[in-house]
Amino acid sequence: MHVMILGAGVVGVTSAWYLARAGHQVTVVDRQAEPAQETSYANAGQISPGYSAPWAAPGVPFKAIKWLLQDLAPLAIDVRHWDRHTLSWMTRMLLNCNERSYHINKGRMMRLAEYSRDCLKAARNELGLDYEQRTGGTLQLFRQHSQMAASEKDIAVLRECGVEHQLLDVDDCVNYEPGLAHSRDKLVGGLRLPGDETGDCQAFTRQLAEHCRELGVEFRMNTAVQGLMCQQHRIDGVITNQGNLKADAYLMAMGSFSAPMLRQINLDLPIHPIKGYSLTVPITDAERAPQSTLMDETYKVAITRFNDRIRVGGTAEIAGYQLNLPEKRRANIEFVVNDLFPGAGNTAKAEFWTGLRPMTPDGTPIIGATDIDNLFLNTGHGTLGWTMSMGSAKVIADLISQRQTDIDAADLSLSRYQKRSQHVPKKHYSY
Ligand SMILES: Cc1cc2nc3c(=O)[nH]c(=O)nc-3n(C[C@H](O)[C@H](O)[C@H](O)COP(=O)(O)OP(=O)(O)OC[C@H]3O[C@@H](n4cnc5c(N)ncnc54)[C@H](O)[C@@H]3O)c2cc1C
């Protein structure tokens, strides 16, 4: 079967790899010149199954108000860019902010993320991938005793899912991350997830794309998708700025842009862009730098060690699809790396970047078939899209190939949002 994948981010490229290995003819279409140029370009570098959790959690609506008022706020909103889709997404997210939904959603994300990490390890060993990876785990840092107490709930889920974890005092945190010796008086403890990994998502995606090419995958880059030709529950082709393209089946993997594209054919995906920022800081003193990934629970900022760089990522901004880079946001994440690892890097020479997390209201991506016979989805990977990418890709490749999936995938599809309404596809040919 000829499968056309729309989007060459980490999700599209991992899907291409598994689909090509399953024997399909695969074409990947993307508007950029290279894979991983948008949200997969400079994320925080965590492969963190243990940290996989939905942002929609009990108490979050109240915490959100506190965060908005906080200095160096981890959350920001810009209502000038809001529309009815923003409001609908927010409502759905708020409906997930209860104990029962959190438990279901976290369990589902962890199932996918753990599987995904195992798929990643297998591919890395098989292909000899090198993307500045480290296997030193994640250390969640607490600056307040109340944060440490609140982590009990997450620890209960970790226990239930059999995920290795260690609750650490400050001395232990410094043992694992000696660079914290210079900021130990700011900390009260940490939660370490030794099974987590780190690395450069862009390097990973580009290398995997090369392996895809060796398997015969065609990459049609610089090709912007403008619409889908949909008739009688089938996609007939894709309209692009390079002409119309056809295949037997189509896989939507355009991240945050999946939702507006599919809205044109009346398919409602509850995916909204949540903007985040990162700084990539050249290391000036390796002894003062982090060894693996740390997550500052107070500012919701992740700090990851690459070979000779530190990647710092964070902030959730609900501000539509715009990609501007305000200095104020830079200052937020710059503060955290300088506060925890003073003198480790030269932030004046850092690369400042922004990306749009494709977020679903329940935190889990949308993977599976649709009511349109030959249209499949692998999108909505939100905060931990790289972490979940390999498992998601293997699941969708198995579903498209009509094979049994290795993990339960029934609750990953769009149908979990479609209980009450059935989709009626709209005929759509051109503009
Ligand atoms: C600040 C920040 C930190 C993060 N940290 C982490 C982390 O530590 N660990 C982790 O696992 N995840 C992290 N994430 C999330 C992760 O980066 C994303 O979930 C993931 O990159 C999404 O991948 P994707 O392939 O779905 O989307 P993208 O990478 O955005 O790929 C979508 C592709 O579709 C293409 N496209 C879009 N529209 C069109 C069109 N009309 N025509 C043709 N092509 C089109 C784009 O060019 C792009 O290449 C972070 C995100 C941010 C913003």
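Quick caveat: nothing in here was measured; it's all calculated off a predicted structure. Atoms within each ligand, like the ligands themselves, are counted from 1 in listed order.
Distances below 4.0 Å separate heavy atoms of W386 from the following atoms of ligand 1: 10 (C), 11 (O), 12 (N). Residue S40 has at least one heavy-atom neighbour below 4.0 Å for each of these atoms of ligand 1: 20 (C), 21 (O), 23 (O), 25 (O), 28 (P), 29 (O).
Around NE2 of H103, the count of heavy atoms belonging to other residues, nucleotides or ligands within 6.0 Å does not exceed 12.
Of the heavy atoms in F257, only side-chain atoms (C-beta onward) come closer than 4.0 Å to ligand 1. No part of S389 comes within 4.0 Å of ligand 1, judged by heavy-atom distances. Counting heavy atoms under 4.0 Å from ligand 1, residue Y277 touches it through the backbone alone. Residue T223 touches ligand 1 through its backbone alone, judged by heavy-atom distances below 4.0 Å. Residue-level proximity to ligand 1 for A44 is carried by backbone and side chain together, each with a heavy atom below 4.0 angstrom. Looking at T383 against ligand 1, only its backbone comes within 4.0 Å, counting heavy atoms.
Counting heavy atoms from C-beta outward, E317 and Q322 have side chains that approach closer than 4.5 Å.
Residue contacts with ligand 1: A302 is excluded, as none of its non-hydrogen atoms falls under 4.0 Å. For G7, the heavy-atom gap to ligand 1 drops under 4.0 angstrom. Under the 4.0 angstrom criterion for non-hydrogen atoms, Q37 is not in contact with ligand 1. For T379, the heavy-atom gap to ligand 1 stays at 4.0 angstrom or more. Ligand 1 is never approached by S278 to a heavy-atom distance shorter than 4.0 Å.
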Which pairs of donor and acceptor atoms, one on a side chain in residues 72-79, lie under 3.5 Å apart (sequence neighbours left out)?
residue: D78; atom: OD1; partner: R80; partner atom: N; Å: 3.2
residue: D78; atom: OD1; partner: R80; partner atom: NE; Å: 2.9
residue: D78; atom: OD2; partner: R80; partner atom: NH2; Å: 2.6

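At a 3.5 angstrom cut-off on N or O pairs, R31 counts as close to ligand 1. For G45, a nitrogen or oxygen atom sits less than 3.5 Å from a nitrogen or oxygen atom of ligand 1, counting backbone and side chain alike.
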